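Single-structure report; data block below.
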Amino acid sequence: MGARGPDRSRVEATMVRAAQDGDQQALDTLVADYLPLIYNIVGRALAAHAETDDVVQEVMLQMIRDLRKLRDPDAFGLGWSRSRCGRSAGTGEYGEARR
């Protein structure tokens with residue numbers, strides 16, 4: 001995931017639309033681009049807790065499901081991803097485990 005800017009956002013929105021339309025390569029690219037970011041966010045939230053891999057998997061699966069429902073492909077990005085991480089890492093059994 002390089003620097004964010006108008007061009008990057010436009011390319012990303014195009015990939016989101018393609019993924020929503022069933023383009024597996026576009027979905028694979030989005031997953032590959034965001035997986036390191038998700039690991040970083042979840043790892044920090046859980047302080048490298050043993051459950052990090054499980055939470056990352058949960059977040060990625062939720063992102064893929066939610067991507068299909070996303071009405072505005074331009075909304076996809078860092079903030080959208082962080083909100084999914086926060087929901088999984090900060091609540092439920094994982095959130096309890098880190099306290």
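If you're wondering where the values come from, they're calculated on a predicted model, not measured in any experiment.
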Audit row: Val56, Leu35, side-chain contact (heavy atoms from CB on, under 4.5 Å) steps and yes/no: CA-CA 8 Å; Val56 168; Leu35 187 58; 3.7 Å; yes
Derivation and outcome, side chain to side chain donor-acceptor pair (under 3.5 Å), residues Arg17 and Gln20: CA-CA 5 Å; Arg17 283 186 201 92; Gln20 287 175 322; over 6 Å; no
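Met15 is listed as a side-chain neighbour of Asp33, based on a closest heavy-atom distance under 4.5 Å. Side-chain contact between Val55 and Ile38 is absent, with no heavy-atom pair separated by less than 4.5 Å. Between Glu12 and Leu30 there is a side-chain heavy-atom pair separated by less than 4.5 Å.
Rounded to the nearest 0.5 Å, atoms CG (Asp28) and CG (Asp23) are 8.5 Å apart. To the nearest 0.5 Å, atoms CZ (Arg65) and CG (Leu67) are separated by 12.0 Å. One finds the CD atom of Gln57 at 8.5 Å from the OH atom of Tyr39 (value rounded to the nearest 0.5 Å). Taken to the nearest 0.5 Å, the CD1 atom of Ile41 stands 9.5 Å off from the OH atom of Tyr34.
Leu46 and Leu61 are assigned to two separate hydrophobic clusters, defined by single-linkage of ILVMFWY side chains at heavy-atom distances under 4.5 Å.
A pairwise comparison of heavy atoms in Pro73 and Ala13 identifies CB-O, 3.7 Å as the closest pair.
Gln24 CD: more than 12 foreign heavy atoms inside a 6.0 Å radius.
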